[in-house]
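In what follows, a structure is listed as structure tokens, so that the remarks can point back to it.
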Amino acid sequence: MHGLIMDHQLLVADIVRHVERFHGDTEVVSRLPDDGGRIHRCTYADVAARARRVANVLDTLAVAPQTTVGTLAWNTHRHLELYYGVSSARRVLHTVNPRLFPEQIIWIINHAEDQVLFFDECFAPLVDGIAPQCKTVKHWVAMTTADKLPTMKNVQPLSYEELLAAASDQYEWPSFDEREAASLCYTSGTTGNPKGVLYSHRSTILHAMAACLPDVMCLTARDVVLPVVPMFHVNGWGTPYACGMMGAKLVLPGAGLDGASLYELFESERVTFSAGVPTVWLGLMQHLQKHKLKFTTQWRSTVGGSACPPALMKTFRDDYGVRIGHAWGMSEMSPLGTYGSLKNHHLSLPKDEQFAVEIKQGRPIFGVDLKIVDETGAELPRDGKAFGDIHVKGPWVVSGYYKLDNDPTIDGWFPTGDVGTLDPDGFLQITDRSKDVIKSGGEWISSIDLENVAMAHPAVQEAAVIGVHHPKWDERPLLIIVKKPGQETSRDELLGHFTGKIAKWWTPDDVVFVPEIPHTATGKISKLQLRQQFKEHKLPTA
Ligand code: AMP
């Protein structure tokens with residue numbers, strides 16, 4: 001017997017309709033990349049009306065339903081209009097990461113077969129370089145006014161503002177199957193070609209609702225949200241949709257992701273919630289420390305994308321009163337999988353024991369099921385000690401990659417490629433990507449644990465640990481350090497710093513100091529590059 005409930009399809013257009021009707025006067029603030037960082041103010045009602053104009057523009061440009069529309073853009077109200085307008089008009093929004101190499105961008109755009117590409121004017125040189133090789137793109141739209149259109153060699157750009165001004169703000173959002181695709185993101189695979197994850201309307205809505213939950217981002221209509229995470233990185237972690245659902249004020253930082261620009265926005269817009277990768281918070285922290293600044297507002301944040309060094313969480317908590325919630329996920333999970341909120345029984349623990357729980361990557365959000373397995377696929381105990389491969393499933397977890405035939409799942413579970421432990425409360429602790437784990441004498445050493453210890457040293461700005469070949473142990477850890485400007489330390493002092501903090505045999509065999517550590521396009525330490533760079537490194541213990 002079926003329930004007698006409306007069979008309403010969950011569509012991105014529902015968010016647009018809701019936010020316009022019930023939070024129409026709530027502000028959306030943007031720092032404009034095409035206007036020297038000028039602050040632009042509008043409301044959700046404006047965004048919704050302009051999203052309808054976007055839909056009319058797509059019709060005029062003859063972009064067929066269910067085809068892809070690319071963006072190369074920072075976080076602004078215009079990008080939000082595309083988020084809402086493209087998907088609601090039954091096209092697929094393909095957010096391209098401009099930090100990738102041009103060859104990767106070309107590959108991705110061709111693979112996705114983008115019909116139109118909307119780009120921020122600052123990316124004009126990039127677009128000019130790639131355009132001749134992007135055969136499917138019929139129109140290149142610069143997200144700026146007609147008077148600021150960039151002069152380009154290979155492209156005759158259209159002006160976003162001109163197109164919108166000429167289009168009607170009336171559009172009837174179509175109704176269709178919620179399982180149709182809403183957006184597309186490519187994973188920045190460290191090997192092989194990037195893989196496309198195609199999110200459905202249904203998965204997008206369910207994921208965004210889950211993101212709002214109190215034990216997750218806890219978003220409300222009273223919040224002022226500044227997503228530092230770019231909208232080209234896994235749906236901006238769901239914030240563009242979640243904020244619309246809740247009617248939270250949005251503050252979109254454009255290209256200004258440096259400490260000074262962020263601090264200014266946090267203060268001037270009275271931000272209450274933010275989200276970003278650890279490197280961003282490191283940058284902000286350095287700015288605060290250098291200029292002896294404090295916040296006059298109370299805010300909280302989500303950190304994810306790579307392991308957050310506990311020292312960073314502690315500094316934000318103790319020195320700035322900012323609670324950082326640690327989240328874990330991936331493109332294949334829309335991205336949220338786990339979130340670090342305490343349970344009731346943790347509240348009676350001493351502060352340092354609570355903190356030991358908070359620095360883990362959190363526990364599964366309802367909707368995501370999670371298990372750890374050994375090499376044979378057998379489930380390992382949730383004892384906080386056994387570590388194995390993390391498998392997940394749920395309504396916003398990938399079931400296959402775009403235009404790839406092979407099924408990535410195993411018995412209905414998606415193997416994440418991450419390795420970790422699960423404790424009896426369900427808290428996950430990521431020890432590594434499976435290919436980054438250091439295999440020493442048949443045992444595993446967690447590079448993340450070692451990096452966390454190193455990051456707590458006062459002279460360390462950034463730390464990375466990789467396994468390098470060792471004739472006896474197969475691999476041993478090498479610690480790679482960027483020192484804080486003006487700070488000194490030595491190999492022996494750093495190695496001494498590990499004493500008592502980890503099992504003795506985990507202590508790195510050597511330390512190298514470098515001016516900088518390479519990062520990937522999504523802000524993660526590029527272990528692949530480091531492994532190549534230090535392939536020939538001779539350990540003193542070898
Ligand atoms: P992406 O698909 O680019 O979002 O990358 C996802 C990968 O980032 C995951 O598979 C993890 O290896 C890593 N990651 C994400 N969040 C965390 C976290 N909180 N701690 C450790 N690693 C993380």
Side-chain angles (χ1 to χ4, degrees), residues 95-97 99-100 104 108 183-192 194-199 207 211 216-217 229-239 275-282 301-310 312-313 324-341 357-365 368 370 372 387 389-392 396-398 401-402 408 414-422 427-437 446-452 455 463-465 519-528:
T95 51
V96 185
N97 184 343
R99 292 176 181 148
L100 294 171
Q104 285 174 306
I108 285 173
S183 65
L184 173 65
C185 288
Y186 281 76
T187 61
S188 44
T190 41
T191 49
K195 294 195 241 37
V197 186
L198 198 55
Y199 309 94
H207 173 264
V216 188
M217 293 182 182
V229 50
M231 287 159 81
F232 54 75
H233 187 197
V234 215
N235 306 311
W237 298 354
T239 53
V277 294
T279 357
V280 161
W281 303 128
L282 272 176
S301 176
T302 295
V303 69
S306 48
C308 182
L312 180 71
M313 277 168 95
I324 295 191
H326 202 181
W328 167 84
M330 58 201 311
S331 306
E332 286 87 339
M333 300 174 75
S334 300
L336 292 172
T338 60
Y339 205 92
S341 290
V357 178
E358 285 177 315
I359 60 175
K360 294 186 175 191
Q361 274 78 1
R363 52 195 166 80
I365 300 166
V368 174
L370 197 150
I372 50 168
F387 56 100
D389 293 318
I390 302 163
H391 289 198
V392 292
W396 55 84
V397 177
V398 75
Y401 292 102
Y402 188 42
F414 175 74
T416 62
D418 283 346
V419 173
T421 61
L422 259 185
F427 277 83
L428 175 72
Q429 184 151 24
I430 303 284
T431 44
D432 262 307
R433 285 296 289 165
S434 54
K435 53 187 175 305
D436 295 338
V437 92
S446 158
S447 65
I448 294 179
D449 281 3
L450 298 182
E451 287 159 8
N452 285 344
M455 285 295 286
V465 176
H519 289 93
T520 67
T522 49
K524 299 182 213 307
I525 290 175
S526 176
K527 299 260 169 116
L528 187 77

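For ligands, and for the atoms within them, numbers begin at 1 and follow the listed sequence.
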Return the set of residues passing side chain to side chain contact (heavy atoms under 4.5 Å, CB included) with P309 (not counting sequence neighbours), or none when no residue passes. P278, L312, N452, M455
Under the criterion side chain to side chain contact (heavy atoms under 4.5 Å, CB included), which of T421, L428, T338, L422 is the partner of I390? L428
Test of understanding: with side chain to side chain donor-acceptor pair (under 3.5 Å), list the residues that count as partners of T522, not counting sequence neighbours. T520
What short N/O contacts, under 3.5 Å, does ligand 1 make with the protein, listed by atom pair and distance?
| residue | atom | partner | partner atom | Å |
| --- | --- | --- | --- | --- |
| ligand 1 | 2 (O) | S331 | N | 2.8 |
| ligand 1 | 2 (O) | S331 | OG | 2.7 |
| ligand 1 | 5 (O) | K524 | NZ | 3.1 |
| ligand 1 | 8 (O) | G305 | O | 3.2 |
| ligand 1 | 8 (O) | K524 | NZ | 3.2 |
| ligand 1 | 10 (O) | D418 | OD1 | 3.2 |
| ligand 1 | 10 (O) | D418 | OD2 | 2.8 |
| ligand 1 | 10 (O) | R433 | NH1 | 2.8 |
| ligand 1 | 12 (O) | D418 | OD1 | 2.7 |
| ligand 1 | 12 (O) | D418 | OD2 | 3.2 |
| ligand 1 | 14 (N) | G305 | O | 3.3 |
| ligand 1 | 16 (N) | G305 | N | 3.1 |
| ligand 1 | 19 (N) | H326 | NE2 | 3.1 |
| ligand 1 | 19 (N) | A327 | O | 2.7 |
| ligand 1 | 20 (N) | A307 | N | 3.2 |
| ligand 1 | 20 (N) | Q361 | NE2 | 2.9 |

Hits for side chain to side chain contact (heavy atoms under 4.5 Å, CB included) against I359, two or more places apart or cross-chain, chain-then-number order -> P310, M313, F355
Among V392, L370, V197, which residue meets the side chain to side chain contact (heavy atoms under 4.5 Å, CB included) test with M333? V392
Taking C-beta and beyond as the side chain, do E332 and Y401 meet within less than 4.5 Å on heavy atoms? yes
